[in-house]
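Worksheet: one structure, shown below.
Position 1 is the first residue of the sequence, and the numbers go up from there.
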Amino acid sequence: MATPSPGYSIIVKVQAPTTFTATSDLTAVVAEAGAAITALDIVDASHVSNIINLTCNTRGREHSRQVKDAIEAVEGFEVLSLSDRTFHMHQGGKLQTVSKVHVRNRDDLSRAYTPGVARVCKAIATDPVRARELTIKRNTIAVVTDGTAVLGLGDIGPAAAMPVMEGKAVLFKQFANVDAWPVALDTKDTEEIIQIVKALAPAYGGINLEDISAPRCFEIEARLREELDIPVFHDDQHGTAIVTQAALNNALKVVNKKIEDVRIVVSGVGAAGHAIIRLLKASGAKHIMAAGRDGVLEPNTSQRDEHRQWLADNTNTEGFSGSLKQAMVGADVFIGVSAPNLIDADDVANMNKDSIIFAMANPDPEILPTEASKHAAVVATGRSDFPNQINNVLAFPGLFRGLLDAGASDITEDMLVAAAGAIAETITEDELNPSYVIPSVFNQRVAPAVAAAVAEVAERNGITPATVETQDDIDF
C-alpha cells in the first residue's frame, strides 16, 4: 500500500519525558517514519513521565512495527503497547440485539410474552400476511453468505466471512434504519443453501446474498427469487451494477455523450460483469463488448455456462474478435471488474476523445487512476483514496429500505434502473464535475432518494402484498 490508510490505524501508548518538547519530538519521529498522525492525547501524568496515546495511520503491519522501533530509538521514549484499531473495533463483534419494548412488571410481561402473545400468534396463523405487521419481518433482512467469495480474499469460509457480514448489517442500520442479521452457512452445496434460506425466510422481509462465488450465485439467486415471496438481492451483482450505472449516468453528462451512442468495453464476465451489462442494456446501452481472460466474447459461440452464453448472445453486435486491449481502440467507456494492471495509459490513449475509465478491481485497479487520467476525461475506482469511489454502500441500504416500505415481493430491472437514477440525481448540475460524478457514501440524501424511487416502482407495478396495513384486533 503506497500511502497510510485508516484500515491500518494503530494506537501507540508511549511513556515520554515531561519535557516541554516531548510531544513535538514524538510527532516528528512518527511523521519521519511515514505514518499519518490523527490524534495525540496525554492520558496520564506524573512528575517523572507522561503517558501519551498517539493514533496514526500506517501502510500495514510491517510499517506499524517500523513506527514502534523509530519511537523506541529515541532516548527517553518507551512504547508500552501497540494496538490495531481495526481489530479493536471488531472485538466481540459489531452487533447486538436491542429490545424495542421494556418488560418492567407483570403487566408488560403478560403482553410481551405469555399469555397475551398467544393472541398475536393466532392472528398471524389465521392471516400469514400479518407477520409483516406484527413481527420483525417488517424491517429485517438476512445477509446470507457461504464465505466463498469474500472481498478480494476468495474462499475463506463462513466464520472468516462474518466480520464482513456484520459490517454490512451496521451499514444497513446506519444508512437506512434497516435491521439486518448475518447468516453464515457452513455449506457450499447449492441445493442445500437454497433449502436453508427458504426454511429461515419466514422471519425476514428480504434476503441479501453476499460473497457467494459464481456461477453458483446465479442459480441460488434465481431459484430463491422464484420460490420465495420476499425480495432476494445479490449485492455483488446488482449492488455493483446500480452504483456503476449511477456513476456512468453522470460521467456521460460530463463528457456530453449519450448512453445509446457510446461504445462500452466491460472487463470481467463474472457475477458483477454480468449484472453490470444487463443493467447497461436496460438503461439504453447498445454497443457493449464483454472481455474475459481469453478476450472478447463473440456471438454465435458456445460458452461454458449459461451466464457467459447470455453475454455472448447479447453483446458484441459488431462481431469483434480480439483481446481486451484491441477492443479498447475507439471505445468511449471502460468498465473493469476483473484484475489488477490489465491496461495501461497507452490503451486509454487509444480510446475515443473524452473517454471514461471505471477501474474497479480491488484493492488494486485495472489501471492506476494517475495513469488513466493522463488521457481519460473521467476516472473512477472502487477505492476510497481516489475521487469517484464506486461503492455498493450507495445502493443496498436505500434499496432495501424502499423494498421493505413498499412490502415488495420481488426486485425488478425497473427498480434497479430507478435506484441508479436516484443516486445519480443527488448530484446537482452545479456540483457535477469530472472528479465528482458519484456522491459520497455519507451523503444523507442518497438512501432516502433510492428508497423513494424503488418504493414508487414497486407500488406502480403492483409488486406488493394484498394487505400490509396495520389492523386492530378485538378478541373477546
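Taking each heavy atom of A290 and V269 in turn, the nearest pair found is CB-CG1, 3.9 Å. Contact between A35 and H63 at its shortest, heavy atoms only, is N-CE1, 3.8 Å. Shortest non-hydrogen contact noted between G239 and F233 is N-CZ, 3.3 Å. Heavy atoms only, all atoms of each residue included: A180 and A169 are closest at O-CB, 3.4 Å. Taking each heavy atom of I288 and A285 in turn, the nearest pair found is CD1-CB, 3.9 Å. Listed here is the closest heavy atom pair of N57 and P6: OD1-CA, 3.6 Å.
Counting heavy-atom neighbours within 6.0 Å of K281 NZ, excluding the residue itself, gives a total above 12. The environment of NE2 in H90 is crowded: more than 12 heavy-atom neighbours from other residues, nucleotides or ligands sit within 6.0 Å. Within a 6.0 Å sphere centred on CZ of R293, other residues, nucleotides and ligands contribute 12 heavy atoms or fewer. D186 CG: 12 or fewer foreign heavy atoms inside a 6.0 Å radius. Within a 6.0 Å radius of CZ in R460, other residues, nucleotides and ligands contribute more than 12 heavy atoms. Heavy-atom neighbours of Q91 CD from other residues, nucleotides or ligands within 6.0 Å: at or below the threshold of 12. Around the NZ atom of K94, the shell of radius 6.0 Å holds more than 12 heavy atoms that belong to other residues, nucleotides or ligands. Enclosure of atom CD in Q444 is not indicated, since only 12 or fewer non-hydrogen atoms of other residues, nucleotides or ligands lie within 6.0 angstrom.
A distance-only check finds no donor-acceptor pair linking the side chain of N50 to the backbone of A16 [under 3.5 Å]. Checked by atom type and distance alone, the side chain of R132 pairs as donor or acceptor with a backbone atom of L404 at under 3.5 Å. Under a 3.5 Å cut-off, the side chain of D211 and the backbone N or O of G147 do not form any donor-acceptor pair. Looking at R383, its side chain does come within 3.5 Å of a backbone N or O of P363 through a donor-acceptor pair. Looking at T55, its side chain never comes within 3.5 Å of a backbone N or O of T38 through a donor-acceptor pair. Checking side-chain atoms of D127 against main-chain N and O of A125 turns up no donor-acceptor pair under 3.5 Å.
For the atom pair CG (N250) and CD (E425), the distance works out to 8.5 Å, reported to the nearest 0.5 Å. Annotation: the span from L54 atom CG to L40 atom CG amounts to 5.0 Å, rounded to 0.5 Å.
For F218 and H234, the ring centers sit 6.0 Å or farther from each other.
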For the pair N362 and L151, evaluate side chain to side chain contact (heavy atoms under 4.5 Å, CB included) and give the outcome as yes or no after the intermediate values. CA-CA 8 Å; N362 258 328; L151 300 176; over 6 Å; no
TODO: Check the pair R59 / T3 against side chain to side chain contact (heavy atoms under 4.5 Å, CB included), numbers first and verdict last.
DONE: CA-CA 6 Å; R59 296 189 296 271; T3 57; 5.9 Å; no
I'd like to know whether V417 forms a side chain to side chain contact (heavy atoms under 4.5 Å, CB included) with Q245, so could you lay out the CA-CA distance, the side-chain angles of the two residues, the decisive distance to 0.1 Å, and finally the verdict. CA-CA 8 Å; V417 171; Q245 186 65 55; over 6 Å; no
**Report entry** Step-by-step side chain to side chain contact (heavy atoms under 4.5 Å, CB included) determination, V197 to V183
**Finding:** CA-CA 9 Å; V197 175; V183 178; over 6 Å; no
Hey, can you pull the donor-acceptor pairs under 3.5 Å for the side chains in residues 392-400, sequence neighbours left out?
| residue | atom | partner | partner atom | Å |
| --- | --- | --- | --- | --- |
| N392 | OD1 | T240 | N | 3.4 |
| N392 | OD1 | T240 | OG1 | 3.4 |
| N392 | ND2 | D235 | O | 3.3 |
| N392 | ND2 | D235 | OD2 | 3.3 |
| N392 | ND2 | T240 | OG1 | 3.2 |

Donor-acceptor contacts under 3.5 Å from residues 434-442 side chains, at least two apart:
| residue | atom | partner | partner atom | Å |
| --- | --- | --- | --- | --- |
| S440 | OG | F442 | N | 3.0 |

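With 3.5 Å as the limit, one finds a donor-acceptor pair spanning the side chains of S213 and R216. S64 and T58 are linked by a side-chain donor-acceptor pair at a separation below 3.5 angstrom, with hydrogens and angles left out of the test. Side chains of D146 and T148: a donor on one and an acceptor on the other come within 3.5 Å. Looking at R401 and N139, their side chains do bring a donor and an acceptor atom within 3.5 Å of each other. A side-chain N or O of E366 and one of S338 form a donor-acceptor pair less than 3.5 Å apart. Side-chain atoms of Q309 and D305 form no donor-acceptor pair, as typed in the model, at a separation below 3.5 Å. T145 and E210 are not linked by any side-chain donor-acceptor pair at a separation below 3.5 angstrom, with hydrogens and angles left out of the test. R223 and T190 share no donor-acceptor pair across their side chains, judged by distance under 3.5 Å alone. In the model, K173 has a side-chain atom that pairs as donor or acceptor with a side-chain atom of N177 under 3.5 Å.
Partner of W181 under the side chain to side chain contact (heavy atoms under 4.5 Å, CB included) criterion, chosen from I141, L95, V144: L95.
In this structure, E227 pairs ionically with K198, as a charged nitrogen and a carboxylate oxygen lie closer than 4.0 Å.
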